[in-house]
Visitor: 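I'd like to ask you about the structure that follows.
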Amino acid sequence: MTTSGNRKVAVVGAALSDCGRVDDTTAYALHAQAARRALADAGLDRNRVDGLGSAGLGTLAPVEVAEYLGLRPTWVDSTSVGGSTWEVMAAHAADAIAAGRANVVLLVYGSTARADIRAGRRTGTLAFGNRGPLQFEAPYGHTLIAKYAMAARRHMYEYGTTIEQLAEVAVQARANAALNPDAMFRDPITVDDVLSGPLIAEPFTKLHCCLRSDGGAAVVLAAEEYARDCRTAPVWVLGTGEHVSHTTMSEWPDFTVSPAAVSGRLAFERAGVRPREIDFAEIYDAFTYMTLVTLEDLGFCGKGEGGAFVEKGRLLVEGGGLPVNTDGGGLSAQHPGMRGLFLLVEAVRQLRGEAGERQVRRADGALPRLGLASGTGGWFCSSGTVVLGR
């Protein structure tokens with residue numbers, strides 16, 4: 001254990017709220033549902049929780065969520081860095097627990113992104129405003145997806161990555177989702193299906209992009225002495241890393257390198273393991289290119305080799321060399337906004353052997369020993385990586 005203190009830290013509870021199409025509830029209720037389920041999974045009463053991590057809801061995000069959940073935490077985190085928020089928060093929580101500043105920390109998220117659009121409470125266009133550094137890019141009309149599309153096109157130019165290789169990421173995510181009864185979309189798709197879809201932002205068609213859903217997730221982290229009393233087997237936090245790269249595209253040194261190149265290196269060093277020892281990876285996949293470049297930057301393949309790496313079913317649960325996004329990911333399972341917490345839930349379930357048909361097995365049939373969750377925020381602006389093990 002290489003966090004800043006002496007105590008080992010484990011994830012002892014993990015759960016999702018109702019996900020997918022949830023039209024008759026609120027984001028607060030999804031927070032509460034996920035939190036209750038995660039605490040029940042751990043076998044802990046909410047009175048044992050002395051730390052809370054929350055972002056994305058309310059004017060005073062952690063305060064309002066704490067009040068709604070009936071919690072009075074003495075440690076709190078509201079770090080908000082997009083999709084990587086929850087891996088970064090897990091790192092902060094693990095450090096706090098190891099140092100004795102908290103004993104049991106709940107990380108919780110919920111969103112009604114899909115239902116809000118259907119009800120007219122928000123539009124489908126995600127705008128980050130035009131103040132601060134963004135004012136220099138706003139006149140050019142950059143959207144979030146356009147920034148990812150530009151980066152993908154640069155990788156294709158530099159390394160010869162093909163649109164068919166990017167489409168393979170979506171095809172294999174859907175194949176994994178077919179094994180997940182809770183995934184929103186489970187019907188098989190082909191490379192041709194991806195390529196023939198409506199164009200969203202060149203070179204991305206619709207199936208290159210994540211879906212939009214409702215849903216929530218929660219995990220409970222605890223010190224080793226608390227983990228002994230929990231209902232479930234502990235999943236240990238072995239190493240974490242975080243990195244912030246840029247916000248304006250003009251300050252991004254290389255469109256083909258994501259901040260996972262730094263967060264991943266730090267997480268592996270602190271865990272004392274190497275990429276080739278990882279049994280599966282849960283990687284933020286708002287777009288197909290995100291998965292491909294993150295695999296490179298985490299060291300699963302060389303820079304520029306991501307296209308070849310994702311071919312021939314390598315990411316599949318069934319028969320893949322490195323199963324990736326085993327629940328179907330944001331491309332097929334669910335994506336209610338800042339999805340990083342869902343990566344941690346799925347990683348914990350895989351390490352416990354609770355994933356059902358989509359359960360990853362080692363070559364000898366044994367359960368996986370090491371897994372990884374890597375979240376990305378903004379347009380490759382930030383990254384958080386967590387290495388977990390049994």
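This is a predicted model, so every value here is computed, not measured. Below, each value reflects all heavy atoms present in this structure, side chains not excepted, and no hydrogens, waters or symmetry copies. Sequence positions, counted from 1, serve as the residue numbers for this chain.
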Visitor: Can you establish whether the number of heavy atoms outside Arg361 located under 6.0 Å from its atom CZ is more than 12?
Guide: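 Yes, enclosed.
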Visitor: Looking at Glu67 and Arg72, is there a salt bridge between them, counting it only when a charged N and a carboxylate O are closer than 4.0 Å?
Guide: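 Answer for the salt bridge query: no.
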Visitor: Tell me if a side-chain donor or acceptor on His246 pairs with a main-chain N or O of Trp379 at a distance below 3.5 Å.
Guide: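 Checking the backbone N and O of Trp379 against the side chain of His246, a donor-acceptor pair under 3.5 Å is found.
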Visitor: Does Ala115 offer a backbone N or O that forms a donor-acceptor pair with the side chain of Asp23 under 3.5 Å?
Guide: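 Between the backbone of Ala115 and the side chain of Asp23 there is no qualifying donor-acceptor contact (under 3.5 Å).
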Visitor: Using the side-chain hydrogen bond (donor to acceptor under 3.5 Å, both in side chains) rule, take Arg339 and Gln334 through it: C-alpha gap first, then chi angles, then the decisive distance, then the call.
Guide: CA-CA 8 Å; Arg339 191 179 179 273; Gln334 77 289 112; 2.7 Å; yes
Visitor: If you draw a 6.0 Å radius around CZ in Arg101, do more than 12 non-hydrogen atoms from other residues or ligands fall strictly inside?
Guide: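 Counting neighbours around CZ of Arg101, 12 or fewer heavy atoms of other residues, nucleotides or ligands fall under 6.0 Å, so no.
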Visitor: Same cluster or not: Phe342 versus Leu221, using hydrophobic residues (I, L, V, M, F, W, Y) connected whenever any side-chain heavy atoms lie under 4.5 Å apart?
Guide: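 Same hydrophobic cluster.
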Visitor: Should Lys303 and Glu296 count as an ion pair when the cut-off is N to O under 4.0 Å?
Guide: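 A salt bridge links Lys303 with Glu296.
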Visitor: Kindly state each residue pair satisfying salt bridge (Lys or Arg N to Asp or Glu O under 4.0 Å) with at least one member in residues 139-151, sequence neighbours excluded.
Guide: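 Every pair satisfying salt bridge (Lys or Arg N to Asp or Glu O under 4.0 Å) with a residue in residues 139-151: Glu137-Lys147.
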Visitor: Just checking Tyr68 against His31, ring centres under 6.0 Å apart?
Guide: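 No: the rings miss the under 6.0 Å criterion.
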Visitor: Assess whether atom CZ of Arg265 is packed by more than 12 heavy atoms of other residues, nucleotides or ligands within 6.0 Å.
Guide: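 Yes, enclosed.
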Visitor: Describe, in one word, how the ring planes of Tyr109 and Trp86 are oriented to each other, choosing from parallel (under 30°), tilted (30 to 60°) and perpendicular (over 60°).
Guide: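 Aromatic pair Tyr109/Trp86 classed tilted.
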Visitor: Might you work through the side chain to side chain contact (heavy atoms under 4.5 Å, CB included) test for Asn325 and Gln172, ending with a clear yes or no?
Guide: CA-CA 9 Å; Asn325 295 336; Gln172 294 174 55; over 6 Å; no
Visitor: Would you call Glu346 and Arg358 a salt bridge, using N to O less than 4.0 angstrom?
Guide: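 Salt bridge flag = yes for Arg358 with Glu346.
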Visitor: Glu242 side chain to Ala91 main-chain N or O, any donor-acceptor pair under 3.5 Å?
Guide: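 Checked: no pair found.
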Visitor: Are Arg174 and Asp193 ion-paired here, with the side-chain N under 4.0 Å from a carboxylate O?
Guide: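 No, no charged N to carboxylate O under 4.0 Å.
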Visitor: Could you go through His155 and Thr256, starting from their C-alpha distance and side-chain angles, then the distance that decides it, and tell me whether this counts as side-chain hydrogen bond (donor to acceptor under 3.5 Å, both in side chains)?
Guide: CA-CA 5 Å; His155 197 281; Thr256 70; 5.7 Å; no
Visitor: Taking all atoms of both residues into account, what is the closest heavy-atom pair of Ala93 and Val105, and its distance?
Guide: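 In terms of heavy atoms, the two residues are closest at CB-CG1, 3.8 Å.
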Visitor: Residues in side chain to side chain contact (heavy atoms under 4.5 Å, CB included) with Phe255, at least two apart?
Guide: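 Residues passing side chain to side chain contact (heavy atoms under 4.5 Å, CB included) with Phe255: Met150, Ala151, Arg154, Met249, Trp252.
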Visitor: Examine distances only and state if a side-chain atom of Arg270 and a backbone atom of Thr240 form a donor-acceptor pair shorter than 3.5 Å.
Guide: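 Such a contact is found between Arg270 side chain and Thr240 backbone.
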Visitor: Consider only side-chain heavy atoms of I, L, V, M, F, W and Y, link residues closer than 4.5 Å, and tell whether Leu71 and Ile97 are in one cluster.
Guide: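 Not linked; separate clusters.
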Visitor: Taking NZ, NE, NH1 and NH2 as the nitrogens, is one of them in Arg369 or Asp279 under 4.0 Å from a carboxylate oxygen of the other?
Guide: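 Judged by the 4.0 Å cut-off on N to carboxylate O distance, Arg369 and Asp279 do not form a salt bridge.
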Visitor: Any sub-3.5 Å donor-acceptor pair from Arg390's side-chain atoms to Leu367's backbone N or O?
Guide: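 Checked: pair present.
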Visitor: Between Val220 and Val237, is there a shared hydrophobic cluster once you connect ILVMFWY residues whose side-chain heavy atoms come closer than 4.5 Å?
Guide: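 No: no chain of side-chain contacts under 4.5 Å links Val220 to Val237.
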Visitor: Examine distances only and state if a side-chain atom of Ser213 and a backbone atom of His335 form a donor-acceptor pair shorter than 3.5 Å.
Guide: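 Confirmed, Ser213 side chain pairs with His335 backbone.
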Visitor: Between Cys209 and Tyr148, is a side chain to side chain contact (heavy atoms under 4.5 Å, CB included) present by the stated rule, with each step listed?
Guide: CA-CA 10 Å; Cys209 309; Tyr148 277 101; over 6 Å; no
Visitor: How are the rings of Phe268 and Phe300 set to each other: parallel, tilted or perpendicular (split at 30° and 60°)?
Guide: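 Correct class here is perpendicular.
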Visitor: Given 3.5 Å as the limit, does a donor-acceptor pair link the side chain of Asn176 with the main chain of Leu315, or not?
Guide: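 Yes.
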Visitor: In the single-linkage hydrophobic clustering (I, L, V, M, F, W, Y; side-chain heavy atoms under 4.5 Å), do Phe287 and Ile163 co-cluster?
Guide: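 Both belong to a single hydrophobic cluster.
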Visitor: Using a cut-off of 6.0 Å, state whether more than 12 heavy atoms not belonging to Glu311 lie near its atom CD.
Guide: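 Buried by this count: over 12 neighbours within 6.0 Å.
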Visitor: Hey, does the side chain of Asp214 reach the backbone of Arg114 with a donor-acceptor pair shorter than 3.5 angstrom?
Guide: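 Yes, the answer is positive, given that a donor and an acceptor are paired below the 3.5 Å cut-off.
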Visitor: Which residue, Val324, Asp285, Thr376, Thr385, forms the side chain to side chain contact (heavy atoms under 4.5 Å, CB included) with Thr294?
Guide: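 Answer to the side chain to side chain contact (heavy atoms under 4.5 Å, CB included) test with Thr294 among Val324, Asp285, Thr376, Thr385: Thr376.
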Visitor: Would the distance check show the side chain of Glu64 and the main-chain N or O of Ala61 forming a donor-acceptor pair, the cut-off being under 3.5 Å?
Guide: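 The answer is no, because no donor-acceptor pair under 3.5 Å joins these two groups.
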Visitor: Taking the six-membered ring of Tyr159 as reference, does the NZ or CZ atom of Arg153 fall below 6.0 Å from its centre and within a 45° cone about the axis?
Guide: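 Cation-pi check for Arg153 and Tyr159: fails.
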Visitor: Closest approach of Ala333 and Asn180, non-hydrogen atoms and distance?
Guide: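 Smallest interatomic distance, heavy atoms only, reads CB-ND2, 4.3 Å.
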Visitor: Check whether Leu144 and Tyr284 end up in the same hydrophobic cluster, where Ile, Leu, Val, Met, Phe, Trp and Tyr are linked by side-chain heavy atoms less than 4.5 Å apart.
Guide: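 In one cluster: yes.
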Visitor: For a side-chain hydrogen bond (donor to acceptor under 3.5 Å, both in side chains) check, start with the C-alpha distance between Ser17 and Arg37, then their side-chain angles and the critical distance, and finish with the verdict.
Guide: CA-CA 8 Å; Ser17 72; Arg37 290 175 179 178; 5.7 Å; no
Visitor: Of the non-hydrogen atoms in Ala183 and Ser332, which two are nearest, and what is the gap between them?
Guide: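 In terms of heavy atoms, the two residues are closest at CB-O, 4.0 Å.
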Visitor: Backbone N or O of Ala170 within a donor-acceptor pair of the Thr288 side chain at under 3.5 Å?
Guide: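 No.
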